[in-house]
**Q** 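A single structure is presented below for examination.
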Amino acid sequence: GGAEAAELAKQRISRRRFLRRSMLAVWGVSATASVAGALFYMFPNLSGGFGSAITVGKASEFKPSKPADFKLEIQGVYHRPTARAYIIHLDPSTEFLLNGQALKDQLTSENVLKDPKDGSYWIALYQKCVHLGCTVPFRDNCVSFKCPCHGSHYNVTGEFLDGPAPRSLDRFQMTLQGMMLS
Ligand code: FES
């Protein structure tokens with residue numbers, strides 16, 4: 001009935017408020033980290049053949065383009081069109097099951113950078129769909145990448161979920177360079 005709907009709406013609003021507050025806390029931490037002025041350089045995958053290193057920019061230049069999802073402990077998803085990449089920043093405590101496999105275990109895979117400073121994870125994904133090359137937008141409401149062309153679907157780490165794509169999104173090799181001020 002109407003009372004139930006009102007109650008539901010109320011819950012939803014307070015959940016949203018909670019999420020927003022959580023995000024602010026997360027970004028407070030990130031802003032402190034960015035004072036360190038860490039630089040990210042990216043090296044394309046062997047198969048990519050794009051040539052030499054791409055400088056993605058200072059950590060302080062990263063702006064949260066998408067809200068973090070508190071439950072998944074995603075600190076940020078950043079689109080860097082000039083580098084044709086998405087930079088994914090995941091909290092060290094991230095736990096997310098995909099096909100029964102914890103994200104933590106997937107994160108031991110190739111081309112995932114573990115930040116020695118706080119144990120968080122960085123992943124750089126090539127923005128092109130591995131089906132026919134459309135740019136794949138990140139959908140914050142589903143915390144995943146969905147290709148607008150033929151519907152290929154990838155999780156936040158770029159792992160293939162469903163659709164016509166033959167495999168997961170390509171990951172760039174990434175190294176963290178720069179000074180850490182403690
Ligand atoms: Fe992305 Fe076809 S190009 S699904």
Side-chain angles (χ1 to χ4, degrees), residues 12 16 19 23 26-27 30 39-59 61-115 120-176:
R12 210 168 291 147
R16 230 175 248 166
L19 286 178
M23 274 155 42
V26 166
W27 282 107
S30 299
L39 286 173
F40 293 93
Y41 288 89
M42 291 165 50
F43 300 89
N45 256 335
L46 287 179
S47 58
F50 296 113
S52 56
I54 303 165
T55 303
V56 186
K58 290 180 176 156
E61 291 168 4
F62 287 101
K63 296 271 187 320
S65 60
K66 305 292 172 201
D69 185 311
F70 189 70
K71 267 196 307 200
L72 299 186
E73 312 281 2
I74 295 167
Q75 296 196 19
V77 174
Y78 317 89
H79 193 194
R80 307 293 285 187
T82 49
R84 293 189 258 168
Y86 285 98
I87 313 294
I88 321 294
H89 192 196
L90 299 168
D91 192 273
S93 61
T94 297
E95 289 203 37
F96 173 52
L97 288 177
L98 172 74
N99 299 331
Q101 195 193 5
L103 183 61
K104 255 207 288 215
D105 299 330
Q106 297 174 39
L107 291 176
T108 58
S109 64
E110 256 184 294
N111 294 345
V112 174
L113 182 75
K114 192 163 183 182
D115 196 322
S120 62
Y121 299 99
W122 292 90
I123 298 173
L125 294 175
Y126 185 43
Q127 70 181 10
K128 297 287 183 197
C129 184
V130 296
H131 180 225
L132 293 175
C134 294
T135 297
V136 189
F138 182 71
R139 302 185 309 173
D140 54 329
N141 56 342
C142 306
V143 202
S144 62
F145 293 90
K146 180 102 178 181
C147 184
C149 295
H150 318 96
S152 287
H153 192 195
Y154 311 89
N155 79 0
V156 69
T157 69
E159 302 278 342
F160 172 76
L161 294 174
D162 51 68
R167 59 187 162 86
S168 300
L169 289 176
D170 288 319
R171 287 178 185 167
F172 291 95
Q173 267 181 35
M174 185 164 53
T175 56
L176 180 61

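These figures come from a predicted structure and were not determined experimentally. Counting convention: from 1, in listed order, for ligands and their atoms alike.
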**Q** What protein N/O/S atoms lie closer than 2.8 Å to atom 1 (Fe) of ligand 1?
**A** Cys129 SG, Cys147 SG
**Q** Specify the closest pair of heavy atoms between Glu159 and Ser168, including all atoms of both residues, with the distance to one decimal.
**A**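 Closest heavy-atom pair between Glu159 and Ser168: CA-OG, 3.4 Å.
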**Q** Could you pull out the closest heavy-atom pair between Phe172 and Arg84, with the gap in Å?
**A** CE1-O, 4.0 Å
**Q** Just to verify, what does His153 make a ring-ring contact (aromatic ring centres under 6.0 Å, His included) with, not counting sequence neighbours?
**A**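 His153 satisfies ring-ring contact (aromatic ring centres under 6.0 Å, His included) with no residue once adjacent residues are dropped.
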**Q** Holding to ring-ring contact (aromatic ring centres under 6.0 Å, His included), I want the full list of residues that pass it with Tyr154, two or more places apart in sequence or in another chain.
**A** none
**Q** Where is the tightest heavy-atom contact between Ala124 and Ile87, given as atom of each residue plus distance?
**A** CB-CD1, 4.0 Å
**Q** List in chain and number order the residues that pass side-chain contact (heavy atoms from CB on, under 4.5 Å) with Pro148, two or more places apart in sequence or in another chain; answer none if no residue qualifies.
**A**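 Partners of Pro148 by the side-chain contact (heavy atoms from CB on, under 4.5 Å) criterion, ordered by chain and then number, come out as Pro137.
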